[in-house]
Amino acid sequence: MNKFIRRAFNKIEKLSTDEIKTLVRYQASENELLGNVFQKIDIGVIVSNGKGRVLTCNDTAKRLIPLSRPLSEGTSLKYVLGDQDLANFMLQAIETTSAEEGVEKEFNFQHGDRVRTLCISVSAFISELDPVFDQDTGNRILFLVRDISEEKRQESRLHRSESLASLTTVAAGVAHEIKNPLASIGIHLQLLRKAFQRKKHLTLADASRYLDIIDEEIERLNGIVVDFLFAVRPMDVRLRLENLNSVIEDVCSFVSYELSGHNITINRQLGEFLPKIRLDENLLKQALLNIIKNAMNAMEGHGGTLTVATKLMGDHVTISLSDTGVGMDEVTLAKIFEPYFTTKSSGSGLGLTMVFKVVKEHLGEISVSSKKGVGTTFTITLPVPTSERLALEEAYPS
Ligand code: ADP
Ligand code: MG
């Protein structure tokens, strides 16, 4: 309460009606000013009493917070919050937050095709002026809601460029990769020149053996540059709630023709009733294709079986891809995710680097087990979003 009001308040009996009117008008205009600011700021504000009843809230809060029912003054927070995690946090905070100690937490929500991150901070104060002050409900809880999605996106972009295996390593890798094709092009141009010097009339057939190799090497260089750009480019990831099994089905039918051509049978073991997963369909498909391509290479010549399985494991789902190919020894296994590591004469060594990046962008994990002469299994673990977890619990109460 400001000094002017406090003084007036203390001697209110002595004030004239006009003076009281002035006082009220002054308060009203102050109120209007603060009310406007309150509605216009881009921070969501909710004030509740100690029982979780909303005393006031602004439009930003209504816009940002996922709600199952309209948020307004007088409603009880526990009936309007649309997200179970958020509700647990806020209701718990009402019980535990004191004037001395506030709490703060971040939450992710699907919002259109983006993920929205909100930072909710909670603090408490006692309202001394409340005319109907009561010990239980006099505690005021202040929730401030900030949309920090853009900050988070920037942060992860930064993190991505840092995690890019130190730029020098990558650059050294590229330099190493392009040295051989360049040298080969040089040599074959020299040979071509010599062939011209030896013969006055060189036919296309004579020159072809050199030109073809030069063509091939240029093709290889181009591949290296394209792959390199792909590997270093920050990914534009758009996570949406999708049915994982149908993504896997798509990938399997896409490769089935090529696999059968290599005498490889696909064995699908897709888990039933999987929850939806937050994923970028194109990127995940590309990553799975890279793994399958490697499996195909590993089973080249003799054929085999590719087993693709999905499974719900508590709050995660797993995708596993097993081949019955040549397998790897420990030394190889330790390096496969490194950019440019390849054991193939025409490999880029970037396939699994991309897979790793994609899995990380999905907040997942990837692991590999392999035995030389027996086969290899890649297992990707992806988190089940909280909203889907709740739906699962409702469908299958424990
Ligand atoms: P590339 O396929 O171009 O060699 P990758 O990053 O896709 O690059 O794979 C790196 C290396 O990992 C491969 O060269 C190979 O030695 C090994 N590898 C990957 N997948 C398998 C697999 N399924 N079986 C055996 N080796 C594999
Ligand atoms: Mg590969």
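Any value given below was found using the heavy atoms of this structure, including those in side chains, with hydrogens, waters and symmetry copies removed. What you see is a predicted model, and the numbers here were worked out from it, not measured in a lab. For ligands, and for the atoms within them, numbers begin at 1 and follow the listed sequence.
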- [ ] Out of Gly351, Gly375, Gly349, indicate the one that has the non-hydrogen atom closest to atom 1 (P) of ligand 1.
- [x]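 It is Gly349 that holds the nearest heavy atom.
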
- [ ] Would you indicate which of Thr332, Leu352, Ile292 comes nearest to atom 9 (O) of ligand 1 when only heavy atoms are counted?
- [x]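 Checking each option, the heavy atom nearest atom 9 (O) of ligand 1 is found in Leu352.
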
Task: Shortest non-hydrogen contact between Thr75 and Pro70, atoms and distance - done: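 Heavy atoms only, the tightest pair is CG2-O, 4.0 Å.
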
Specify the protein heavy atom at minimum distance from [atom]: its residue, its atom name, and the distance to 0.1 Å.
| atom | value |
| --- | --- |
| atom 23 (N) of ligand 1 | Asp323 OD2, 2.8 Å |
| atom 12 (O) of ligand 1 | Ile336 CG2, 3.1 Å |
| atom 25 (C) of ligand 1 | Met328 CG, 3.7 Å |
| atom 4 (O) of ligand 1 | Thr342 OG1, 2.6 Å |
| atom 2 (O) of ligand 1 | Lys344 NZ, 2.7 Å |
| atom 15 (C) of ligand 1 | Thr343 OG1, 3.5 Å |
| atom 20 (N) of ligand 1 | Asn294 CB, 3.3 Å |
| atom 10 (C) of ligand 1 | Phe341 O, 3.3 Å |

Task: Ring geometry between His188 and Tyr210 (parallel below 30°, tilted from 30 to 60°, perpendicular above 60°) - done: tilted

- [ ] Determine, stepwise, if the pair Ser16 / Asp18 fulfils side-chain hydrogen bond (donor to acceptor under 3.5 Å, both in side chains).
- [x] CA-CA 5 Å; Ser16 69; Asp18 274 351; 5.6 Å; no

TODO: Indicate if the distance from the Mg ion (ligand 2) to the nearest N, O or S atom of Asn297 falls below 2.8 Å.
DONE: no

Rounded at 0.5 Å granularity, tell me how far [atom1] in [X] sits from [atom2] in [Y].
| X | Y | atom1 | atom2 | value |
| --- | --- | --- | --- | --- |
| Thr305 | Asp323 | OG1 | CG | 10.0 Å |
| Gln39 | Asp59 | CD | CG | 4.0 Å |
| Lys285 | Ile248 | NZ | CD1 | 10.5 Å |

Task: Subset of ligand 1 atoms that lie under 4.0 Å from at least one heavy atom of Ala298 - done: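 The atoms of ligand 1 under 4.0 Å from a heavy atom of Ala298 are 22 (C), 24 (N), 25 (C).
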
Open item on the list: Taking 4.0 angstrom as the limit and counting only heavy atoms of Gly347, give me the atoms of ligand 1 inside it, by number and element.
Closed with: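 Those atoms are 3 (O).
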
TODO: Count the heavy atoms of every other residue, nucleotide or ligand shown that sit under 6.0 Å from NZ of Lys14, and state whether that count exceeds 12.
DONE: no

Open item on the list: Side-chain heavy atoms nearer than 4.5 Å, only ILVMFWY residues, links allowed to pass through others: does that put Ile148 and Phe89 together?
Closed with: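 No, it is not one cluster - the side chains of Ile148 and Phe89 are not joined through contacts under 4.5 Å.
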
Open item on the list: Test of understanding: given a 4.0 Å heavy-atom threshold, classify the contact between Asn297 and ligand 1 as side chain, backbone, both, or neither.
Closed with: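 Within the 4.0 Å criterion, Asn297 makes no contact with ligand 1.
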
TODO: Report the part of Ser348 in contact with ligand 1, treating N, CA, C, O as backbone and CB onward as side chain, heavy atoms under 4.0 Å; options are side chain, backbone, both, neither.
DONE: both

- [ ] Could you walk me through whether Asn243 and Lys276 pass side-chain hydrogen bond (donor to acceptor under 3.5 Å, both in side chains), step by step?
- [x] CA-CA 5 Å; Asn243 181 334; Lys276 287 196 168 178; over 6 Å; no

- [ ] For the residue pair Ser322 and Thr307, confirm or rule out a side-chain donor-acceptor distance under 3.5 Å.
- [x] no

